[in-house]
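The structure appears below as structure tokens.
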Amino acid sequence: MQLIKMHLIDADKRYVWHPYTQMLDWMRWDNKVIVDAKGFYLIDSKGKKYLDGIASMWCNVWGHSDNEVLKSMSKQIRTVPHSTLFGLASAPSVILAQRLLMLCKGMQKVFYSDNGSTAIEVAMKIAVQYWHNKGKRKKKYFISLENGYHGDTFGAMSLGYLPKFFRPYRHLLLKVYKAPKPRASDQTTADDSNSDLEDVEKIVSEHKDSCAALIMESGAQIAGGGIIYKKGYQRRISELCRQYGLLFILDEIATGFGRLGNMVEYIAQQSRPDIVCLGKALTGGYSPLAVTLTTEEIYNAFLGQYKDGKHFSHGHTFTGHAVGCAAGITNIELFNKYKLIERIRDNAHYLCKRLKELDSPIVSNPRQKGLFAAFELKQNNKPITIMQNNENLQYFVMHESMKMGVILRPLGNTMVVIPPLAISRRDLRRIMDVQMCLVKRIEKECK
Ligand SMILES: Cc1ncc(COP(=O)(O)O)c(C=O)c1O
């Protein structure tokens, strides 16, 4: 067994192309292959344990050991692993839809897809076809916020254009008007966001006749550097969309399901979307499933005679995958059963306290909401991206945290805390201890 596991490390380097990774660097690294898990820990082929400090790219809720969500998934696999939603319905997809619509007030229909990016593509297509079906065919472009991120497929890249990632594809991207990015704040700051909003209103009013919708992340921009919206900011943009006749699409893929301390972030933000995208924690982080929710008003615009072609031409092989839906149903039940939102809020107070203890001249703008925190590392007001020994900061944090038994992944020079949502206080403490230790080491390096 040991021999086979050792081979896995070499086979990974030989055969697997990793996401967002310079593979030449990967070849030099002591790569880890995960073969087992216990609680919130992942275990590699050499038997070393790592606390999953990034919730397996921000989606894990309950950890990695056997639990009720996994049991319901294996029960579903034994019953019907997958049957299509093309021409048929499946029990788990019906039940999950019902449960989601009970949570997501104002939404009345659920369209299933496989991951966050495809949920965004679905939202874009629905928005454009909504206006097309209503005879307003000029309304076909989008407005999004600078610095937003919505996924890696072409539509999603167009909305969340980050030059650092997407420059080679720029010539193929769709026309999207950019409203200025929100200014960073913590959620307790009073509503003083008027100047941000004046600029958004300018773009919205200017392009209202050619745009189908405005899209933004709900509650905070995460991948674009962790900007938590000021109070009232999202609500006001929702009102602007209504005022100027644009659909309002909210991307809750990273921020929904408790990440910011609320089960449904758009409700907490007192905003009124027409379309909402969910993914990541929807299934507890166990299955590639995502949803695009819409209002009845949107859905009704797709009704008509078949020959009129008003129906929505979209679907994936695994749309509404039964195992993912079974996971989603149990996941929502467990949020209630274990009062997870209360636990998240409790841990959020602790996270806030620990963030205040970050006492270092290189730490800039620490901020937090729910189980999300971020701060920048800067020296002389400039981002620290390369350390004095010429090492890339992101690599340094990833490798040194692993040596300390915790998986961390900063976003450039922004350190982020995005743990599994049901993490214990003890494990959260460990993540913060390692973050603090790394900050001190980077501070020393920068002297
Ligand atoms: C806000 C947001 N939208 C969309 C996506 C894309 O989701 P996926 O990676 O599942 O395609 C992400 C991924 O991180 C995200 O953070």
Side-chain angles (χ1 to χ4, degrees), residues 18-21 52 54-61 111-125 127 142 144-162 164-166 169 173 176 181-182 213-229 234 237 248-260 262 264-266 269 271 273 275-293 316 318-319 321 324 327-328 331 369-374 409-412 414 416-421:
H18 288 262
Y20 281 93
T21 302
D52 185 358
I54 56 168
S56 288
M57 279 327 280
W58 318 343
C59 64
N60 187 276
V61 178
F111 195 96
Y112 286 104
S113 62
D114 306 349
N115 56 67
S117 305
T118 53
I120 295 290
E121 300 290 331
V122 168
M124 294 175 80
K125 282 177 70 175
F142 290 89
S144 65
L145 301 190
E146 268 172 17
N147 223 50
Y149 173 80
H150 300 284
D152 286 353
T153 50
F154 272 94
M157 285 194 292
S158 309
L159 297 174
Y161 180 69
L162 299 170
K164 193 171 88 181
F165 299 151
F166 303 139
Y169 324 109
L173 299 184
V176 173
K181 69 178 179 189
L214 179 148
I215 181 164
M216 62 192 272
E217 286 157 85
S218 189
Q221 292 184 329
I222 306 290
I227 301 178
I228 299 167
Y229 303 153
Q234 183 165 317
I237 294 183
F248 184 42
I249 306 177
L250 281 175
D251 176 346
E252 287 215 14
I253 290 159
T255 51
F257 274 88
R259 174 58 65 199
L260 300 182
N262 301 299
V264 182
E265 186 59 27
Y266 74 78
Q269 297 277 347
S271 52
I275 302 177
V276 178
C277 302
L278 301 170
K280 290 199 188 271
L282 165 66
T283 62
Y286 296 129
S287 180
L289 186 86
V291 290
T292 305
L293 314 179
H316 302 279
F318 294 117
T319 289
H321 195 272
N331 184 41
K369 189 178 181 198
L371 274 183
F372 170 73
R409 189 181 171 90
L411 300 163
T414 305
V416 288
V417 184
I418 313 184
L421 291 165

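Atoms within each ligand, like the ligands themselves, are counted from 1 in listed order.
A side-chain donor from one of Gln234 and Ser218 sits under 3.5 Å from a side-chain acceptor of the other. Donor-acceptor pairing under 3.5 Å is lacking for the side chains of Thr255 and Glu265.
Here the side chain of Thr21 pairs a donor or acceptor atom with the backbone of Pro19 at under 3.5 angstrom. No donor-acceptor pair closer than 3.5 Å links the side chain of Asn262 to the backbone N or O of Val264.
The protein residues lying under 4.0 angstrom from ligand 1, judged by non-hydrogen atoms, are Trp58, Asn115, Gly116, Ser117, Tyr149, His150, Gly151, Glu217, Asp251, Ile253, Ala254, Lys280.
Here the side chains of Ile227 and Asn147 are in contact, with some heavy-atom distance below 4.5 Å. Contact of the Asp114 side chain with the His321 side chain is not registered, since no non-hydrogen atoms from C-beta on lie closer than 4.5 Å.
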